[in-house]
Amino acid sequence: MKNKTLVVALGGNAILQADEEGTYREQLSNVQKAVAEIVNLIKEGYRVVITHGNGPQVGNLYIQNSLAGEVVPPMPFDVCSAESQGLIGYFIQQEMQNELAKNDIHIPVVTFITQVLVESDDPAFKNPTKPIGPFHNKREADLLGQKTSFVMKEDSNRRWRRVIPSPRPISIVEKEIIKKSIADGCIVIAAGGGGIPVIKKGKELIGIEAVIDKDLSACCLGIDINAEILLILTDIEKVALNYNTSDQKWIDRMSLEEAKRYLEQGHFKEGSMKPKIEAGVRFLENGGERSIIGSLLSASSAVKDSSGTTITL
Ligand code: ADP
Ligand code: MG
């Protein structure tokens, strides 16, 4: 029997947690815990492809670029995304190599700088929604809006930030080399931070300043490489109905139809749990066998069905 391919998505907020400063050591230690669990899956025979979020990390890189702009020319956001793939990919790659060595397992690990194709007429380009970078007062925001092509939006605390579009992923540009590397037995890290968004003009790829939701691009990656399992790991153990209310109910399993109904009923928060369920649904509708949402610290038990929330056909 062919070993199953599993795409595992690590949450950016779980790698750099809200109550942490975000130091090198903190991030490395969070990655280390997740990787130890993933190695258990490798021991069980799964072919593993790892992807990850980058929200807090790319935000920090973008702030560094903005603040140092007088000294070093700032890079556009797609370049910051590429840098974050290198940064987090390095953490995961090295921790994975160390954990494999500890277990006397000899499998090569590779990180791909990954571009993800989006449509140039995606409606998201008309309505940028993702806040990035430093906070500004109204005067600074107006000035920045005049000096650059940035779209600035006000939040509920009367602070202003740049917002960029979040288009839907269409396909993974590097999917063929990713598939080859999996077939060769490598552990692949790809499409980090949702991938670097690119559009196609004729035969040319062009990087754009946007951000793709990592849960949706993890699903796109899973479909493009014909994976059987999509495992989305985050900072919470299970999915709940009526989340954060007195009627809250944790879910162990749901069918595809139930998941779609719960989505319609609005049980999952926009920008956090909703894209995970949407990704899980789309994965099953496009050939996937199982979508699982679970905690970063319990990947192997989530795949065994003893923790997390599983969606099946
Ligand atoms: P990640 O970086 O892993 O993508 P997110 O913060 O985007 O993390 O998503 C995980 C968060 O989703 C949880 O911490 C939880 O607060 C939130 N959430 C929203 N709705 C639900 C729900 N119905 N069930 C469980 N968690 C939910
Ligand atoms: Mg998220």
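We count ligands from 1, going down the list as the structure has it; atoms in each ligand are counted the same way.
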Engineer: Under 4.5 Å between side-chain heavy atoms, counting indirect links through other Ile/Leu/Val/Met/Phe/Trp/Tyr residues: same cluster for Leu87 and Met96 or not?
Structural biologist: yes
Engineer: Applying the side chain to side chain contact (heavy atoms under 4.5 Å, CB included) criterion to Leu117, which one of Ile172, Ile212, Val198 satisfies it?
Structural biologist: Val198
Engineer: Name all residues meeting the salt bridge (Lys or Arg N to Asp or Glu O under 4.0 Å) criterion together with Glu140; count only those two or more places apart in sequence or in a different chain, and write none if there are none.
Structural biologist: none
Engineer: State, with a plain yes or no, whether a side-chain heavy atom of Arg159 is found less than 4.5 Å away from one of Asn137.
Structural biologist: no
Engineer: Would you say the side-chain atoms of Gln115 and Asp78 include a donor-acceptor pair closer than 3.5 Å?
Structural biologist: no
Engineer: Listing by chain and number, which residues have a heavy atom under 4.0 Å from ligand 1?
Structural biologist: Gly11, Gly12, Asn13, Lys214, Thr234, Asp235, Ile236, Lys238, Val239, Ala240, Tyr243, His267, Phe268, Lys269, Gly271, Ser272, Met273, Lys276
Engineer: If we ignore angles and hydrogens, is there a donor and acceptor under 3.5 Å between the side chains of Ser300 and Glu37?
Structural biologist: yes
